[in-house]
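For reference, the structure discussed in these notes is given below.
Basis for what follows: all heavy atoms, side chains included, without hydrogens, waters or symmetry-related copies. A, B, ... follow the sequence lines: proteins, then strands. Residue 1 opens every chain.
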Amino acid sequence: MTILVISALLFCTGIVGFCLRRNAVLMFIFSELMVLGAVVASVGYALLWAEEKGQILGLVLLTTAACEAAMALLIIGRIYRTKRTLDIKLLSSRGEQEE
Amino acid sequence: MSVAEFVALLPVLAGLGGMVWLSSPVYVAICFGGILLVIAGWLAINGAEFIGIGLVIIYAGAVVVTFLFLIMLANQTGQAEYERAPNRPVLAWAAGILLFLMMLFSTVWREGVPGLVNRSQMQAQTGIEKITSDRRHVDQQNRAPFSRTARLSVELFSRFFWLIQGSALLLTIVMMNCVVIARLQKDRRGDTNDYSSD
Amino acid sequence: MASQETMREFALESGTLILPEVAVFVSGIVSYLLSAFGWKTRWLIGLGVLYLALGCTLNIWLLVEEVSSTSFFFFNRVIGSMAAAVYVACIGYLCMGWRNVPADVLGEFAGSMAVFAGGCALAMKANDLIGLFVSLELVSMSVYFMLYIVRPSRRGQEAVLKYFLLSVFAGAFLAMGLAQHYGLSGATSYEMVGKVVQSVGPGARAIGLVAILFVVAGLAYRMAAVPMHFYAPDVYQGSATPSVAILAWAGKVVAYVVLARCVTEWWCSGGTRGDPLAESVTLVLWLLGMSSILVGSLAGLVQSELRRLLAYSGIMNSGFILIPIAAMCDASSQVEALKSLVLFIVSYGLLIVGLFATLTHIEGRGDTIDFVEELAGLAERHRGLALMILVFLLGLLGVPPTLGFWAKLNVFLVAWGTHRPIVQALGIGLLVGSVISAWYYLRIINVMYFRAAIKPRVVDARWSASLGVAIVCCAAVVGLFFGINGVAYVLERVVE
Amino acid sequence: MELAEVAVLGSVLALFLTSAVIAVFPRRWQRWSHIPCVLALFGSSIASLAAIWVGIEREMRIPWRWLDLPGPVTEVVLQFDGFTPWMLGIVNLIAMLVALYSMTYMAGDEGYRRYFSIFTLFVAMMSMLVLVGNLLLLYLFWEGVGLCSYLLIGHYRTQRASTAARKAFLVNRVADVALLIAIILLAWNWGTLNIRDLIEQVTVKREEASATLQIVAVLLVIGAMGKSAQLPFHIWLPDAMEGPTPVSALIHAATMVAAGVYLLIRMLPVLVVSPVALMLGSWVGTVTAVVAGLFAVAEWDLKRVLAYSTISQLGYMFAAVGIAISGESNFAGYVMIFHLITHALFKALLFLCSGNIMHATGGVIDMSRLGGLKNQLGVTHWLFVIGGLSLAGIIPFAGYWSKDEILIGLAKSGGNSGGWVIVMLLGVVGPLLTGLYIGRAYWLTFQGDGAEVPREKDNESLWEVVPPLVLATGAVLAGLVLGPGRVLAGGLGIGLPEEEGVSFVPAVALAFAALGIVSGMMMGRRARGGTPSGWHAWYGVRKAIENGFYFDYVLFHGLGHVLGAMGKAVKLIDEVVIDGGLSAIAAVSYRVGNFIRQIQIGEIGFYAVSIGLGILVIWATLLLTFGMQ
Amino acid sequence: MAEAQELVAFCILSMVALPLGVGIGFIVRQGSASNAGMWIAMSCFGAVVALWLAIIVAMPTVFKKNGGENEFEALVIVGLSESAGRSGFFDGVLRVDRVNIWLVGMTSVLSLCAAWYSLFGEGQRVLDYYGWLLVLESGALATFLAESLLVFYVAFEFTLVPLLFIIGMWGGPQRRQAALKFMIYTLAGSLLSLIGIVAVAYGFSGVTGRALTFSISDLLNLSSRGTRLPLELQYWAFLALAVGFGIKVPVIPLHTWLPAAHVEAPTAGSVLLAGVMLKLGAFGLLRMAVPLLPDATRVVGMSVGAVMAAGGIVYGALCAGAQEDIKRLVAYSSISHMGLCVLGLVSGTTLGVTGGVMQMINHGLITGALFILVGCVYTRVHKRNMSELGGLAKVAPRWAGFFVFFCLAGLGLPGLNGFVSELLTIYGTLISARVQWGAFFGLAGIVLSAWYLLTMVMKVCYGETRLPTTASVSDLNKGEFCVLMLLASLCIAIGLFPGYLIQELMPQSRAIAALVSGSSP
């Protein structure tokens, strides 16, 4: 039970942080926190059901998180090289422009 | 909730608070690593040793280091205005808290999660005889009462064979993609044009 | 040892089903390696076309051989045909990328297209939560990559960043949803998940709903349905036309099919009227569909940028596609709904891929077409191109003689045939959305045909691969309108 | 089929043909356009006179249907009875004379060909109207006559002419609607529109005369009122003077206005069942006779005086339907057609005279500018005198005899229905007014010094004199021949009740007519000297009379303005409310679209919040819909 | 018998296919204006008329006189392949019966006239123009000839596209807005009618328990044998159909697309828009709304529908009277006249329905001719305001003659075609059970139409010319004269000899009337 609460806590803190932060890297970190919440949830359920498939799910989630982190490193890094900023507000030129 | 659990929860809460409120990205990354470690330990204690260790290795080892690398690369000091000023705090907190309440509510509502009641009760409730998905799996389980980790590996290399292949493919592709992106030349068509329009 | 036997057993049983994907993945990696070791030529695209064609053929072979099985993967004729369709579309994307992708990453482009196509097919064929997730991640990773390399400009970077961050965000929702599904059922195979989720008592329904909601949200991101649609206009606008084409169809189809499978196998496989779970899934899809239709149609009214406008059109069309999926919540109308879903997906694919291929051809090696006004006077200078765009727009509008008409009509018929007011309302939403969106489709036609160009765009008159794609799509869209009998026959056979 | 029938039918067909032939005449033959017209009219006159002579009476059913309504309503029926040849004869004869007259009158007109083509068509339509024995076909030619008069009134294509033409058509249209309703009701209730069959049915079931039949009768009278320019539909007729003068002669004498009276004559046996309709017709006629006479007295335009006089005389004919109240429908028909014939003769005469005057003065017809023409136009002067006396009903001219019969008839039937007032009005006030205006017009036109009158030419040419001369002969002799021995009644094949002694009414009328003429001439003389002082006190009344009791203002211009205003209002509603509402829907969609666009600020953090809130909204909706199970 | 049937079937198919193929060929092919192209186009238009004549000749052989027990008897062309798809989709493709053949005739003749007229007008991209005209003709013909509800709908909606282009590319200064407004408004209408169509088809399959069918013949047979949908469904379906088709007709207050589209459209576009497109809506009412939903027609149609139609007569007439632009005036007069048509269709009497159908044909001929006349003036002096025109009778007598003629036909002068339909409709309305009051609106329409049409004639033809351009305007040329002569002779022919036409239309009208008035709610 607690483990589920923790997972929900992680997940929702991830959401809050994702919304709250303006730094692209930090936003990504918080989204990883959300994935961590999912990992915790799946492992937690696996423990509750006393079997292993949930752990495999958690493992896969970890793997994909790592992959995403690698992509993030490159994408954000290259953006920083051209833009010299990671402020998401400055990286938002593509919204609706007034006509 | 046992006392131990509560004690384990406290550092997590603290870490989360740090992540949200600390302005320096480095500290945030370190807090994230701390949370990971606590969670990993906690999971390992609770019987998911493999995943606990995986968490430490993959996340704390690879991901957090990657973050720190990126942060160092981008020269983040936490001094810039955009790193300190929260973005739409009211909306963000409202969304987060409400979603948390939603998940909490659905988790603890009445009987709550079926896993919290015991198996037989669940079976009675759903009317399904064999709750486990796979007959062969059940047979194996009965035949070979391995440890949990061992069972995990059996699962991984039997039923989830193609999953392993898929994950491997994923990792390979990401690796190659990263190499390509890293080697992309800067002065490509479109780059120069865009300075003016931005 | 026993476990090794089992492994071989499992590998072989499921392996047949994903034979095309395995072949394509391997070829894709080969193409990566060829490029990495310095073989940088446009023929790599040709190679890509070849192995995607192989994948398609193998899928069709499986389909014809009536292989159908349920293990770690799942295959039936619908899935097979959709996978084949995705492969075909990816061939089209490769053709469109011919000019737009830098020569030094062509191999990688082709390889990642292979991974993308295979990932889509795998996700459709997945019969296990975890497999589904991995397949979807394969798709995501290759999309990030393709978005990045097809247009590695500053705008493109920003679009990729947006797509990437929000994709991870949405992926977390999907992961959470899958975890909760697992938690609810203790199983990961679709069959068991379906059995348990549909039979849980009232106590577990609350968590079940949240789980469903999260999965739907995660998939809605890929199909750009409200409320996960926000990225679409920005990303479409910031990306190159060929990569937008990828997002606009194949990237969505996987979500449609997966969602349809979720509905038919997890949530509502035995759904009847009044079944609370089926009702709530219907309501969720109704809300998503209706709001997508309205947002897509209304927000599109005020757009002057072409790809942004098409993004809103895509949002609206996702809303349309949710209609047959919502109709599937009722087990009795699943077959009809599936037919109309397939028809709509195929027709939408021909239309949107053809449209983007035409635009790619018009852009040539020059600047992208950003504003609708840039098409002014096209009809006078390039009659054929304008006519093709006209056909595609009319198809999107759902006016005869295009396949789009039959697709919309069929969806409407299915919606009406459910005899459930809530789905019928969605059907009426389809019509309302069509009327509202007519305004902006017609505006494009208006600009192309009825307005003289201030500074006419010079189109490279040479033949290009994307033009070929466009012509094929155009011919198919019109031809299949008249050949609707044949289409209906095939549909009948595909959906038993 | 007898020879006379063949001749009549053939001549009518020939008229249609002639019209078409003239219409496609080559332009260089334009000035010979009158020849086919006159020839055809001559032929048809001969044919109809022959028919009168032979006295055919039969019904021809032609196996062809025009409009296939259920029942035999649409059968083409040609009806020859006593009235038909007489009517045809007068129509054709006068038309021929007018055509002859037009030859010189219209010479040099650019629309010469068009004029004769439509002229011939006009006569052909009128002939068919007379011939057909089916109400629906009658309606066809009824409207055809209206069309031709529309075209002829607008012949000069000036703004005034076209306004007058449009007015004529519109006013008639309103009345025609009544006729159309009557036709539909008859067809619906009695299953036939064949006049004979209708009469048969109605006379057989006389006791069961239903409310519908009453309504039908009233509607028929109203329809006839429109064509025959009875109050309040009279407003189109004076304006119709914008057309060429021969056209006025034709319209007033034989073709257009006669159609209404003819319809009444034809339908009298049906009308008889409805005293209401008869009373209506009678009263409307009486009032029209008096009021139009009043208007004529105050009018300064000679042709308009004649127009009002036509209205007034038609009023007499209408009033005559009152005779039928006592059941004497035959007698009523007889007196009506008698007066129709005599009136046709003298009114055509008067109009041709006024045509001569216009020619002589270069188009001036305003009596305040005329005078002393008796020297200049000697023949015309005497012709006018004959016409005037006949109009006023001075013995022994034609007008006297026919009016005499009307008054006698009314006096006889008036006893039963309390219609003595009608008799008084028609016998005393009517002749007085008639005498007044014709005397006044005569004096103003022909007497006095006339120094200021513009002179275009002196004596009349041959063809300006011959047709009026023939008409004048008719106006002198027709009454004498047809009246005293009731020759006409014999010719019509009607048996009339014996004359019972000598009524004093005609004598009174005669006296008042004479009085009227004298005082009218005095009035004209005084008017010549300046503004008559006696009128000052009656300024308001005078103004009212001069303006025709404002009928025109209220009914036509007023209604026109009302319609125009309604049109403008509806147009405004159309543009503002309906189209505006549409635009508002579009604008609202646009606004909503704009609002949604505002949300798309391009910032990931905000998007994420929105996604989270969106999921919450969906969840809340679920919760609210399905409860907290 | 069989040969005649085959001949007719062949003729029908080629009527639809020929213009479509040739039209698409013109649109796709990049061609400059060439004589050969023009001749191909014109001969195609002519060929359609010839095919129609052939059908007319063969008709008596195909249908027995007075059709036997089935008034809805028709020659049906079954689908191209045996129904492969959704059951009932393709039960039939085209049908010809004794009603729609006349509408087909009107369409083909009007198209020929419009094209013929344009031969002397449109300069640029003339082959494109002909291409779209041909496609439009094909779509309209297919709509009239449709056997399946879906074919009807496809063709119905398809006609929007060519008109969009005709208005948008060759129209007046505001053409773009007008084209969009027209397209979106009528698209909304057709989608609404789709709801109705689908509801009806599903409803019948639900009531009979048989498979879903869209075949008009089957549905008509079912309906005439007494199968009725549930009342509630009937009401809603009728509402959807009536509003959907009502937009096309148009009835007030759904008409505002019409003046804009008419004013901006090129002449041939206006001719076909008024002459043919409006009839598609009315035809929809005749074929579907009224006979398939008789109870709803009685309850909803005879109240709301009749009010809208009757109101439209007066409303359109008043609006027309207030117009300054003669093209707008003619456009509003269409609203008024079509109101009468709809009134007749919902009156539920044999005569009323017959009158409504006649009104479709007559209004097409008259208004088509009026638009051609207006177009003649506009191409010469580029003016359409009555205050700027005037005195045209003096300078262009032939034009004025035709103008007066067609105005007279429009105001219902007996002997011309307008009167026939007006009389039948008003008669039918007056003797109907529930919409007697409507007859008075029809009569008011007769008076008002005389008012505004004659006022227009007065202002345009009579008086003095007001502008130097109008003073020197040339009269009709030979081509225009021939076109107008053709239409005028048709007007006279129908006006004087309507008997045959009425007899052809009567049996089906009787059946429809019996359906509407016979059944009890």
Side-chain angles (χ1 to χ4, degrees), chain A residues 1-6 8-13 15-17 19-23 25-26 28-30 32-33 36 39-40 43 45-49 51-53 55-56 58-60 62-67 69-78 80-82 85-90 93, chain B residues 1 5 9 12 16 19-20 25 28-29 32 36 39 43 46-48 50-51 54-55 58-59 62-63 66-67 69-71 73-74 76 82-83 85-89 91-93 95-96 99-100 103-104 107 113 115-116 132 148 151-152 155-156 160 163 167 170-171 174 177-178 181-182 198:
Chain A
M1 187 73 184
T2 320
I3 201 159
L4 296 179
V5 176
I6 289 176
L9 197 60
L10 291 173
F11 190 77
C12 293
T13 316
I15 294 174
V16 171
C19 302
L20 208 58
R21 290 294 183 157
R22 284 167 60 182
N23 186 326
V25 179
L26 293 186
F28 182 71
I29 291 181
F30 278 105
E32 289 298 296
L33 193 61
L36 183 65
V39 172
V40 171
V43 176
Y45 282 122
L47 294 175
L48 286 171
W49 282 109
E51 51 109 75
E52 294 71 36
K53 287 192 285 295
Q55 294 201 31
I56 296 175
L59 200 60
V60 166
L62 286 184
T63 318
T64 55
C67 293
M71 291 298 284
L73 172 68
L74 281 160
I75 291 173
I76 297 175
R78 280 192 77 96
Y80 186 74
R81 258 164 59 188
T82 49
T85 181
L86 290 177
D87 185 356
I88 211 68
K89 278 204 169 166
L90 298 180
S93 60
Chain B
M1 191 186 289
E5 280 175 343
L9 200 54
V12 173
L16 287 177
M19 279 185 79
V20 174
V28 174
F32 184 52
L36 281 174
I39 298 271
L43 288 179
N46 274 290
F50 184 75
I51 203 83
L55 206 56
I58 298 178
Y59 254 124
V63 179
T66 311
F67 286 157
F69 179 64
L70 181 63
I71 288 161
L73 184 82
Q76 303 289 304
Y82 71 86
E83 288 173 355
N87 195 5
R88 287 186 215 356
L91 275 181
W93 279 109
L99 276 172
F100 180 66
M103 292 171 75
L104 209 61
T107 310
V113 188
L116 293 181
T132 39
R148 263 188 199 154
R151 266 190 279 145
L152 183 68
E155 285 269 17
L156 265 182
F160 292 102
L163 183 73
S167 306
L170 186 67
L171 287 167
V174 167
N177 285 353
C178 289
I181 291 179
D198 284 342

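Summarising the geometry, atom CG belonging to B:Leu163 is positioned 12.5 Å from atom NZ belonging to A:Lys53; distances are rounded to the nearest 0.5 Å. Residue A:Glu52 holds its CD atom at 11.5 Å from CD1 of B:Ile51, rounded to the nearest 0.5 Å. Residue A:Leu74 holds its CG atom at 9.5 Å from CG of B:Asn177, rounded to the nearest 0.5 Å.
At least one side-chain heavy atom of A:Arg21 sits less than 4.5 Å from a side-chain heavy atom of B:Val28. Between A:Val25 and B:Pro25 there is no side-chain heavy-atom pair separated by less than 4.5 Å. Side-chain contact between A:Leu36 and B:Leu55 is present, with heavy atoms from C-beta onward closer than 4.5 Å. By the 4.5 Å heavy-atom criterion applied to side chains, B:Met103 and A:Cys12 are counted as neighbours. Taking the side chain as every heavy atom from C-beta outward, B:Leu171 and A:Cys67 approach each other to under 4.5 Å.
Only the side chain of B:Ile58 has a heavy atom closer than 4.5 Å to any heavy atom of chain A. Heavy-atom distances place both the backbone and the side chain of B:Val20 under 4.5 Å from chain A. For B:Phe100, the parts lying near chain A are the backbone and the side chain together; criterion is any non-hydrogen pair under 4.5 Å.
Ranked by heavy-atom pairs under 4.5 Å with chain B, the first of A:Leu20, A:Leu9, A:Thr64 is A:Leu20. If you tally non-hydrogen atom pairs under 4.5 Å between each of A:Ile76, A:Ile56, A:Thr63, A:Leu10 and chain B, the highest count goes to A:Ile56. With chain A as the partner, the residue from B:Gly54, B:Gly96, B:Cys178 showing the most heavy-atom pairs under 4.5 Å is B:Cys178. The most heavy-atom pairs under 4.5 Å with chain B, out of A:Ile15, A:Val60, A:Leu62, A:Val39, come from A:Leu62.
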### Task
Carefully, step by step, assess A:Leu59 and B:Phe50 under the rule side-chain contact (heavy atoms from CB on, under 4.5 Å).
CA-CA 9 Å; A:Leu59 200 60; B:Phe50 184 75; 3.6 Å; yes
### Task
Please report the C-alpha distance between A:Leu4 and B:Leu104 in whole Å, then the side-chain angles of each, then the deciding distance to 0.1 Å, and finally whether the side-chain contact (heavy atoms from CB on, under 4.5 Å) criterion is met.
CA-CA 9 Å; A:Leu4 296 179; B:Leu104 209 61; over 6 Å; no
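Remark: side-chain polar atoms of A:Arg78 are paired, donor with acceptor, to backbone N or O of B:Ile181 under 3.5 angstrom.
Each of A:Thr13, A:Leu26, A:Val16, A:Ile29 was checked for a side-chain contact (heavy atoms from CB on, under 4.5 Å) with B:Met19, and the lone residue meeting it is A:Ile29.
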